[in-house]
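Numbering of ligands and ligand atoms starts at 1, following listing order.
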Amino acid sequence: MAKLSLLLGLLILLFTPSLSCPEHQKQALLQFKASLINATTTFSPKSPLALLESWNSSLDCCHWDMVNCSSRSDSRNVVALYLEDLVWLKEPIVLSSTILTPLFRIRSLTHLVMSWNQIQGELPGDGFANLTELVHLDLWNNAFNGSIPSQLFHLKHLQYLDISLNSFQGNIPKEIGNMTKLQHLILRSNKLFGEIPSSILNLKELKTMDLSYNSLSMEIPVDIGNLANLTNLDLNCNKLTGTIPSTIQDLTKLEILHLESNLLIGDIPSKLFNIKGLKGLLLGGNNLTWNNNAKIVPKFTLSELSMRSCGLTGEIPSWISTQKTLEILDLSENQLEGMFPQWLAEMEVGTIILSDNNLTGSLPPRLFNSQKLYALSLSRNNFYRELPNNIGNATTLGILTLARNNFSGKVPESISKIYGLYLLDLSNNKFSGNTLPDFSSNVQLQIIDFSSNEFSGEIPTNFSQETIILALGKNKFSGRLSRNLTNMSKLEYLDIHDNKIKGELPDFICQISTLHILIFRNNSLQGSIPICISNLTSLQILDLSSNLLVGEIPKEFGNLAGMIETPDGFSYFNGFGTNYYTIGTKINDMIVNWKKSKQGLSFDNLKNYSLLDLSMNQLSGKIPTSLGRLKALKLLNVSLNNFYGRIPASIGDLKNLEGLDLSRNNLSGSMPQSLAMLLQLTILDVSNNKLTGKIPIGSQMDTMNNPDFYANNSGLCGMQIQVLCPEDSSSTKPPEVERKETWFSWEGMVIGYVVAFFVTVAILYLTEYCVPVKPPNHRSQQGRQKV
Ligand SMILES: *[C@@H]1O[C@H](CO)[C@@H](O)[C@H](O)[C@H]1NC(C)=O
Ligand SMILES: *[C@@H]1O[C@H](CO)[C@@H](O)[C@H](O)[C@H]1NC(C)=O
Ligand SMILES: *[C@@H]1O[C@H](CO)[C@@H](O)[C@H](O)[C@H]1NC(C)=O
Ligand SMILES: *[C@@H]1O[C@H](CO)[C@@H](O)[C@H](O)[C@H]1NC(C)=O
Ligand SMILES: *[C@@H]1O[C@H](CO)[C@@H](O)[C@H](O)[C@H]1NC(C)=O
Ligand SMILES: *[C@@H]1O[C@H](CO)[C@@H](O)[C@H](O)[C@H]1NC(C)=O
Ligand SMILES: *[C@@H]1O[C@H](CO)[C@@H](O)[C@H](O)[C@H]1NC(C)=O
Ligand SMILES: *[C@@H]1O[C@H](CO)[C@@H](O)[C@H](O)[C@H]1NC(C)=O
Ligand SMILES: *[C@@H]1O[C@H](CO)[C@@H](O)[C@H](O)[C@H]1NC(C)=O
Ligand SMILES: *[C@@H]1O[C@H](CO)[C@@H](O)[C@H](O)[C@H]1NC(C)=O
Ligand SMILES: *[C@@H]1O[C@H](CO)[C@@H](O)[C@H](O)[C@H]1NC(C)=O
Ligand SMILES: *[C@@H]1O[C@H](CO)[C@@H](O)[C@H](O)[C@H]1NC(C)=O
């Protein structure tokens with residue numbers, strides 16, 4: 001019998017010498033390829049599917065790239081497809097999830113990798129129900145939405161499930177507990193909410209549980225300690241409440257414990273410090289408390305530690321000195337006091353974030369002889385004295401933020417030897433000196449903030465041509481603007497407000513065509529506004545207020561494309577982005593005059609802002625009608641000048657305008673009725689002009705009823721200032737009671753708008769800890785792009 005079957009097997013081997021993949025599976029794959037080509041050619045005439053070139057119908061599909069077949073002797077079924085990052089175009093293209101349909105006919109699949117493909121739409125549950133053999137499913141970095149289909153949870157062989165960086169919504173269903181073979185569950189960066197189901201505790205094989213960057217709430221399952229095989233537990237950036245379950249200390253194999261940025265309360269369990277293998281412990285950004293008197297002898301050797309806002313007081317805890325392999329240390333937002341410890345300076349940590357504490361003293365020079373220091377953020381403490389002269393020895397430094405301390409003296413010359421420096425924020429200190437180090441060879445240095453110090457001399461221009469952000473405001477710089485500024489040909493943000501710059505506003509400024517934001521507020525610039533500024537097509541914020549400028553507003557300003565439609569692509573967002581090394585080190589908000597007061601606008605939101613502020617100069621002439629084309633403007637301020645003539649009716653076209661200040665000019669005539677079309681308007685000031693006639697009524701104009709903003713004109717009338725207009729007096733007066741009611745509801749509306757405005761400002765100030773990180777696209781980096 002055995003002999004016979006052996007013989008049979010041998011015969012089969014002999015007579016089917018080279019099995020190829022089943023025809024129906026080949027056809028399914030070819031259909032997938034065809035629909036992919038079909039979908040991409042609508043975006044680009046040349047399809048970029050170079051990776052699928054080997055998928056040729058005349059070849060055995062087992063020999064195609066990215067396809068594996070079974071190695072069993074009796075079948076050559078397709079078992080694995082590695083289809084990551086198939087389409088990559090300059091224009092992001094979007095594929096529909098129906099593109100997957102042909103693949104569901106390949107029921108023998110055990111491995112399916114579909115990451116990085118920008119597929120959108122709901123995941124076809126019925127299709128996946130076919131793939132009962134799946135062991136490994138990787139769909140990360142697409143745009144799938146809708147809920148996670150329940151059929152996924154019936155794939156009982158599944159060991160690896162990664163659907164991170166998509167837009168899945170809804171709850172994590174309790175059926176997840178059915179996938180008892182699962183070892184890696186990665187749901188990071190979706191829109192999941194609700195509780196973590198306790199059935200998840202059935203997944204005894206689980207090694208990785210990554211549910212980070214969702215909106216999960218309620219408590220962490222109390223028996224989480226039952227998942228004894230867990231090595232990586234990442235719940236960062238959710239809305240989890242309650243305390244850290246004490247069973248967590250039973251997870252003896254744990255290497256990564258990320259609980260950062262949730263709403264956890266209670267004490268940090270000291271037994272966590274007994275988990276020997278722990279390497280990453282991130283607890284920051286909760287409402288946890290720490291027993292500052294505990295004598296801690298940690299058994300672990302961490303590489304990452306975050307105890308941001310954990311209520312640490314006293315000196316920087318000395319047990320940290322036992323963590324010899326520490327690469328990232330974040331103790332920001334505590335009440336730590338005392339000096340920067342010498343032992344920490346000697347530890348060779350890569351990222352040190354101690355911002356928002358009450359640390360003091362001078363910085364130990366040893367810190368800058370580090371071979372590893374990459375990011376140092378000490379902003380908002382009480383450090384003082386000069387920076388150590390050997391700062392330039394920290395050649396690995398990329399990010400240095402020292403804002404809001406009391407550092408003084410000159411910036412050491414050696415700092416320009418740090419060739420990798422990318423972000424340098426020295427703002428709000430007492431640094432001085434009339435020459436700055438020569439940064440012109442620091443080609444990495446793109447973000448520079450020296451504002452609010454005591455620097456003097458001419459505006460420094462010795463920065464590299466790669467500079468993107470240069471903030472020099474609130475210093476004592478004087479003299480004229482140097483043409484050398486134009487060497488910074490990639491500059492997007494130039495802010496030199498509150499200095500003593502004099503001379504003409506030169507037209508060479510127009511050569512910096514990348515400028516998005518130009519702020520010269522409060523200097524002594526003279527002459528007229530160069531017409532060529534209208535050529536700066538990206539310019540979205542222009543603040544020339546409080547200078548000595550004369551002449552007219554160039555009518556060409558109506559061509560300022562960046563104020564007609566705010567550009568995105570402020571490269572600060574593209575290149576810099578957010579990653580763990582830069583969070584907590586964000587640079588200062590930009591300060592502008594926003595609706596009658598100074599406001600900070602967060603850099604993260606700059607793309608939403610378009611402002612034109614020419615107030616407090618000696619400008620004259622008529623307000624050009626062409627300004628009505630700047631439809632993206634949120635603020636137009638020409639107050640405190642000598643403008644005359646009528647308010648152009650075209651101002652009513654500025655649909656996004658929230659603040660309009662025309663006060664203290666010589667404007668005459670009546671206010672155009674078109675102002676009633678400004679539905680976003682919350683501040684309107686026309687006081688101190690020669691305006692006459694009826695204040696326009698209707699929509700938002702009915703709420704513009706602060707009499708101060710109409711004062712000192714030549715005969716304005718209207719309900720807003722409770723002055724009856726002659727043309728209305730002939731008709732019957734409305735009864736007194738009714739009128740009072742009307743006034744009341746107007747006030748209600750004003751308050752409503754004010755509240756809404758403060759909400760917006762609060763959002764602007766939100767920190768960015770929970771912005772998920774997209775890693776760079778590896779294939780495109782390798783230059784695969786051929787189109
Ligand atoms: C390709 O697209 C066209 C139009 O969208 C459609 O009619 C055709 O069926 C598609 N072909 C395949 C193979 O998907
Ligand atoms: C498939 O391969 C054959 C032989 O290598 C070749 O002649 C043919 O052009 C290929 N077909 C396609 C569609 O690339
Ligand atoms: C597929 O083939 C590659 C290369 O031969 C191999 O490294 C990989 O382990 C195979 N995958 C499966 C699931 O067999
Ligand atoms: C499941 O596979 C069969 C072939 O085995 C196929 O006919 C069917 O369409 C597949 N179901 C889905 C939803 O794709
Ligand atoms: C998913 O995305 C598609 C395409 O953007 C959209 O049409 C659909 O409404 C979305 N579905 C859900 C549930 O959000
Ligand atoms: C899946 O889980 C649900 C609820 O946890 C249970 O009722 C059901 O029997 C399970 N199904 C399978 C196939 O194990
Ligand atoms: C941990 O995993 C192993 C196999 O990987 C398994 O045998 C063991 O039962 C698991 N441990 C627990 C506590 O379930
Ligand atoms: C943090 O917890 C304390 C008491 O435990 C409480 O008073 C405080 O309001 C909490 N803060 C936040 C932001 O939840
Ligand atoms: C910071 O420390 C100084 C003394 O160095 C002390 O006067 C001050 O009150 C502290 N501030 C806070 C907020 O604890
Ligand atoms: C800078 O580093 C070099 C070698 O790494 C060392 O010899 C030198 O003393 C350091 N400079 C200072 C001022 O510490
Ligand atoms: C401008 O640059 C030139 C050459 O790079 C230099 O000689 C000159 O001193 C610079 N001028 C100012 C004002 O910085
Ligand atoms: C704007 O740029 C164009 C082309 O670069 C140039 O011809 C024109 O003179 C510039 N306009 C002004 C006002 O400088």
Which atoms of ligand 4 are found less than 4.0 Å from any heavy atom of Arg107? 1 (C), 2 (O), 3 (C), 5 (O)
Which pair of non-hydrogen atoms, one from Leu131 and one from Ile106, has the smallest distance, and what is that distance? CD2-O, 3.4 Å
Strictly below 4.0 Å, N to O, side chains only: are Lys430 and Glu454 in salt-bridge contact? no
Step through the shown structure and confirm whether more than 12 heavy atoms of other residues, nucleotides or ligands are within 6.0 Å of CD on Gln27. yes
Closest protein heavy atom to atom 8 (C) of ligand 11, given as residue, atom name and distance to 0.1 Å: Asn484 ND2, 3.7 Å
Which residue and non-hydrogen atom of the protein lie closest to atom 1 (C) of ligand 4, and at what distance in Å? Asn130 ND2, 1.4 Å
Check ligand 5 against Gln120 and write out every atom of the ligand that is under 4.0 Å from a heavy-atom position of the residue. 4 (C), 5 (O)
Under a 4.0 Å heavy-atom limit, does Thr461 contact ligand 11 with its side chain, its backbone, both, or neither? side chain
Is it the case that Gln120 and Ser167 place a side-chain donor and acceptor less than 3.5 Å from each other? no
State whether the SG distance for the cysteine pair Cys21/Cys62 is less than 2.5 Å. no
Looking only at protein heavy atoms, identify the closest one to atom 9 (O) of ligand 5 and say how far it is in Å. Asn145 ND2, 4.8 Å
For atom 14 (O) of ligand 4, find the nearest protein heavy atom and state the residue, atom name and distance (0.1 Å precision). Phe104 CB, 3.3 Å
The protein heavy atom nearest to atom 7 (O) of ligand 4 is Arg105 CD, 4.7 Å
Quick one: are Leu400 and Leu421 in side-chain contact, heavy atoms under 4.5 Å? yes
Would you kindly say whether Ser212 and Arg188 are connected by a side-chain donor-acceptor distance under 3.5 Å? yes
With a 4.5 Å heavy-atom cut-off, do Tyr493 and Leu518 have their side chains touching? no
Just to confirm, does any protein heavy atom lie below 4.0 Å from atom 5 (O) of ligand 4? yes
Ligand 4 atoms in contact with Gly127 (distance to a heavy atom under 4.0 Å): 13 (C)
of all protein heavy atoms, closest to atom 13 (C) of ligand 5 is Glu122 OE2, 3.6 Å
